[in-house]
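Worksheet for the structure shown next.
No experiment lies behind these values; they were computed from the predicted model shown. Only heavy atoms go into these numbers, but all of them, side chains included; no hydrogens, no water, no symmetry mates.
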Amino acid sequence: MQLLLSATAYERVKARIAPFVGELDIVTVTGPDSFQRNGQDISVEEVDPEIVWTTLDAYGGGLLPTLMGRILKGSKTQWMQTFNAGIDAPIFKSVMAKGVRLSKSNAQAVAIAEYVLAHALALIAPIAAQRDLQARKEWKSTPYREISQTRWTLVGAGAIGTEIARRAKAFGVHLTVVRHSDKPAEMADATINMAGLPQALPQSDVVVLACALNDDTRDMADDAFFEAMKPGAILINIGRGGLVDEDALKRGLEAGKPGYAVLDVFQVEPLPADSWMWDHPNVRISAHTSNSGHGTAARGDQLFVDNLQRFLAGDPLINEASPSEVGL
């Protein structure tokens, strides 16, 4: 059985997987369409892996096409571990259509949850106002609404949503979770389905989009969505850019619904330099980087190690995706 992964990723985990991989044939990607076994170059014809691990470093190093290409062109791949939390990209449908099992990552959940809380707290507490008063040397009171008095609506109850909920509830917020079913979500004060969202928005001080992008959720934040929002509320999108109709968002901001938008993802990425969002005073932009906490890579490595051991032992995988998640 053959395992294919980047050379950098292998160096990070080889000591941890050595005790249980046995005679696993480990092939590393050292460059575009360049492969090695035991430090020696091998031909592409020798690469048809049963297991593939795509990592964030492989993406950043331009090696993702090589890894994915071996899956799509090969005939043996049984399981793929990805660094992605969301699998809306068409390539994942192509992979699963070949019968490949796919495990998503939850490694970024902690970092993204902290990003959400940091932005929400900074906008609810009068930090910017206090800084302005300091600059003007004005001694003036700045009353504010306590976090525990706010109501949050969280769309999405996956790994990322769960970590957001855990942190928000630590502040005592009232939390409504929106999911496909009415089955109570962990830590939620109320759990509703998408049909109930219009009734929740008028009472929500913070609305967080942490759901998958699919035919049901594309452009879900449209004119009707913003019209239903509470004046001055905060919208935070760390899901996918396609969840938000950006023209409708502009109209909503002009009406104060939402009062602020925190956006880490966009319809087009990188965000074009001429986008109106760059200069809008009530928009906070980051470059799809909410996952970039210092602990994300280490959690991703450990997830793969744990799942590799499970796969080789025939045990259930952590975060295994269902074909329905990619439209199959």
Identify whether the distance between the nearest side-chain nitrogen and carboxylate oxygen of R37 and E46 falls below 4.0 Å. yes

With A89 via side-chain contact (heavy atoms from CB on, under 4.5 Å) - residues at least two apart: I91, F92

Would you mind reporting whether V44 and R70 have side-chain heavy atoms less than 4.5 Å apart? yes

Please check if the side chain of N38 supplies one atom and the backbone of Q40 the other of a donor-acceptor pair under 3.5 Å. no

Give the ring-plane orientation class for Y115 versus H119, where under 30° counts as parallel, over 60° as perpendicular and anything between as tilted. tilted

Side chains of residues 204-213: which donor-acceptor partners sit under 3.5 Å, not counting sequence neighbours?
residue : atom : partner : partner atom : Å
S204    : OG   : T153    : OG1          : 2.6
S204    : OG   : A200    : O            : 2.7
D205    : OD1  : R145    : NH1          : 2.7
D205    : OD1  : K230    : NZ           : 2.8
D205    : OD2  : R145    : NH1          : 3.2
D205    : OD2  : R151    : N            : 2.8

Take M277 and K250, measure what side chain to side chain contact (heavy atoms under 4.5 Å, CB included) needs, and give me the verdict at the end. CA-CA 8 Å; M277 287 178 276; K250 184 177 183 180; over 6 Å; no

Roughly how far, to the nearest 0.5 Å, is CG of D48 from CD of E50? 7.0 Å

Quick check on the hydrophobic clustering: are I285 and I234 connected, directly or via other members, by side-chain heavy-atom contacts under 4.5 Å? no

Tell me whether F20 at atom CZ has more than 12 heavy atoms from other residues, nucleotides or ligands lying less than 6.0 Å away. yes

Please determine whether a side-chain nitrogen of the Lys or Arg among R251 and E254 lies less than 4.0 Å from a carboxylate oxygen of the Asp or Glu. no

Side-chain (D41) to main-chain (Q36) donor-acceptor, under 3.5 angstrom: no

What are the two closest heavy atoms between N282 and G259, and how far apart are they? ND2-O, 3.0 Å

Just wondering, more than 12 heavy atoms not from K98 lying within 6.0 Å of its NZ? yes

Short side-chain donor-acceptor distance under 3.5 Å, T142 and Q130: yes

For Q267, does its backbone N or O pair with a side-chain atom of E246 as donor and acceptor, under 3.5 Å? yes

Could you tell me whether a side-chain N or O of E269 sits under 3.5 Å from a main-chain N or O of F266, the two making a donor and an acceptor? yes

Would you say that V155 contacts M220 through its side chain, given a criterion of any heavy-atom pair below 4.5 Å between the two side chains? yes

Applying side chain to side chain contact (heavy atoms under 4.5 Å, CB included) to I51 and L4, what does each step give before you reach the verdict? CA-CA 6 Å; I51 304 168; L4 181 66; over 6 Å; no

So, the side chain of S105 versus the backbone of A107: is there a donor-acceptor pair under 3.5 Å, distance only? yes

Test item: side-chain donor near acceptor, S286 and T289, under 3.5 Å: no

Report the C-alpha distance between R240 and D88 in whole Å, list the side-chain angles of each, state the deciding distance to 0.1 Å, and finish with yes or no for salt bridge (charged side-chain N to carboxylate O under 4.0 Å, His left out). CA-CA 9 Å; R240 285 289 186 266; D88 50 281; 2.8 Å; yes

Validation row: Y144, P126 side chains within 4.5 angstrom (heavy atoms): yes

Nearest-0.5 Å distance that lies between atom CG in L263 and atom CD1 in I236: 9.5 Å

If only side-chain N and O atoms count, and only distance matters, is there a donor-acceptor pair under 3.5 Å linking T150 with W152? yes

What pair of heavy atoms forms the shortest contact from A58 to L67, and how long is it? CB-CD1, 3.7 Å

Pairing donors with acceptors under 3.5 angstrom, does anything connect the side chains of S322 and S324? yes

Can you confirm whether L317 sits close enough to W79 that some side-chain heavy atom of one is under 4.5 Å from a side-chain heavy atom of the other? yes

Are any non-hydrogen side-chain atoms of T82 and S103 less than 4.5 angstrom apart? no

Do I238 and I164 touch side chain to side chain, with heavy atoms closer than 4.5 Å? yes

Rounded to the nearest 0.5 Å, how far apart are CG of D223 and CG of D247? 9.0 Å

Distance-minimising heavy-atom pair for A97 and L328: N-CD1, 3.5 Å

Only one of M96, Q81, M80, E320 passes side-chain contact (heavy atoms from CB on, under 4.5 Å) with R101, and that residue is E320

Show your working on side chain to side chain contact (heavy atoms under 4.5 Å, CB included) between T217 and N214 and close with a plain yes or no. CA-CA 5 Å; T217 60; N214 52 47; 3.3 Å; yes

Ionic contact status for E138 with R136, cut-off 4.0 Å: yes

For the residue pair T296 and A111, what are the closest heavy atoms and their distance? OG1-CB, 3.6 Å

Pair N193, S181: side-chain N/O donor-acceptor within cut-off below 3.5 Å: no

State, yes or no, whether a side-chain contact exists between L253 and Y260 at a heavy-atom distance under 4.5 Å. no

Can you tell me how the ring of Y59 sits relative to the ring of F83, calling it parallel under 30°, perpendicular over 60° and tilted otherwise? tilted

Same apolar cluster: L308 and V52, side chain cutoff 4.5 Å: no

Side-chain heavy atoms under 4.5 angstrom apart, residues restricted to Ile, Leu, Val, Met, Phe, Trp, Tyr: same cluster for M68 and V47? yes

Would a single hydrophobic cluster contain both V100 and M1, if residues Ile, Leu, Val, Met, Phe, Trp and Tyr are joined by side-chain heavy-atom contacts under 4.5 Å? no

With heavy-atom distances below 4.5 Å as the criterion, would you say the side chains of F225 and D245 are in contact? no

Atom pair OG1/CD1 of T66 and I71 - distance to nearest 0.5 Å: 11.5 Å

What distance do D301 atom CG and L56 atom CG have between them, rounded to the nearest 0.5 Å? 10.5 Å

Hydrophobic cluster identity match, I160 and V110, side-chain contacts under 4.5 Å: no

Test item: side-chain donor near acceptor, N84 and Q108, under 3.5 Å: no

Scanning both residues in full, the closest heavy-atom pair of A157 with T162 reads O-OG1, 3.8 Å

Nearest heavy-atom neighbours spanning A9 and W53: CB-CZ3, 3.7 Å

Test side chain to side chain contact (heavy atoms under 4.5 Å, CB included) on V178 and L154; report intermediate values, then the result. CA-CA 6 Å; V178 183; L154 172 62; over 6 Å; no

Charged N to carboxylate O below 4.0 Å: is that the case for R167 and E163? yes

Distance col, row L235:CG vs R284:CZ, nearest 0.5 angstrom, shows 13.0 Å

